[in-house]
Amino acid sequence: MHEYDEAILKCFLDNQLQLLPEPVASNIDEAEAFLEECVAVVVDSIDEVWDYFDAQGVDLEGQEKEEIVDAPEVFDIGDGRYLIVES
């Protein structure tokens, strides 16, 4: 089981529409359940976001590392960490 702290859960709850057409969570508990179901990943830097997508086989040719965090499935927690949610 993954543990998502309050900053991660709040970030997803507040920004879920960047990835999804309609809300899937209306509170912290629902956000945590959704992230656990998706096996969302938290990484500590832009480099780790890049490495994650590279390991998943995503074609990163022609992209800058700073651009990868603009992907809809990447949520900037605001403290240097990023949440990656593949729904």
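The shown structure was predicted, so the numbers you read here are calculated from the model rather than taken from an experiment.
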Do L9 and L17 land in one hydrophobic cluster if side-chain heavy atoms of ILVMFWY residues count as linked below 4.5 Å?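 L9 does not cluster with L17.
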Starting at [atom1] of [X], measure out to [atom2] of [Y] and round the result to the nearest 0.5 Å.
| X | Y | atom1 | atom2 | value |
| --- | --- | --- | --- | --- |
| L60 | F53 | CG | CZ | 8.0 Å |
| E6 | I28 | CD | CD1 | 6.0 Å |
| I46 | K65 | CD1 | NZ | 9.0 Å |
| E30 | N27 | CD | CG | 4.0 Å |
| Y52 | E86 | OH | CD | 3.5 Å |
| Y82 | E48 | OH | CD | 11.0 Å |

**Request:** Evaluate whether atom CD of Q56 has more than 12 neighbouring non-hydrogen atoms of other residues, nucleotides or ligands under 6.0 angstrom away.
**Result:**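 Enclosed.
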Indicate the atoms forming the closest heavy-atom contact of [X] with [Y], along with that distance.
| X | Y | value |
| --- | --- | --- |
| R81 | D76 | O-OD1, 3.8 Å |
| I8 | L35 | CG2-CD1, 4.2 Å |
| A31 | A25 | N-CB, 3.4 Å |
| F75 | N15 | CE2-O, 3.2 Å |
| L13 | Q16 | O-NE2, 3.2 Å |

ask   = Does D5 reach the side chain of V42, with side-chain heavy atoms less than 4.5 Å apart?
value = no
message: Between V43 and D51, is there a side-chain heavy-atom distance shorter than 4.5 Å?
response: no
Inset, instruction - Would you please indicate yes or no on a ring centroid separation below 6.0 angstrom for F34 and F12? - result: yes
(request) Would you check if the side chain of Q18 reaches a backbone N or O of P72 as a donor-acceptor pair within less than 3.5 Å? (result)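 It does hold such a pair.
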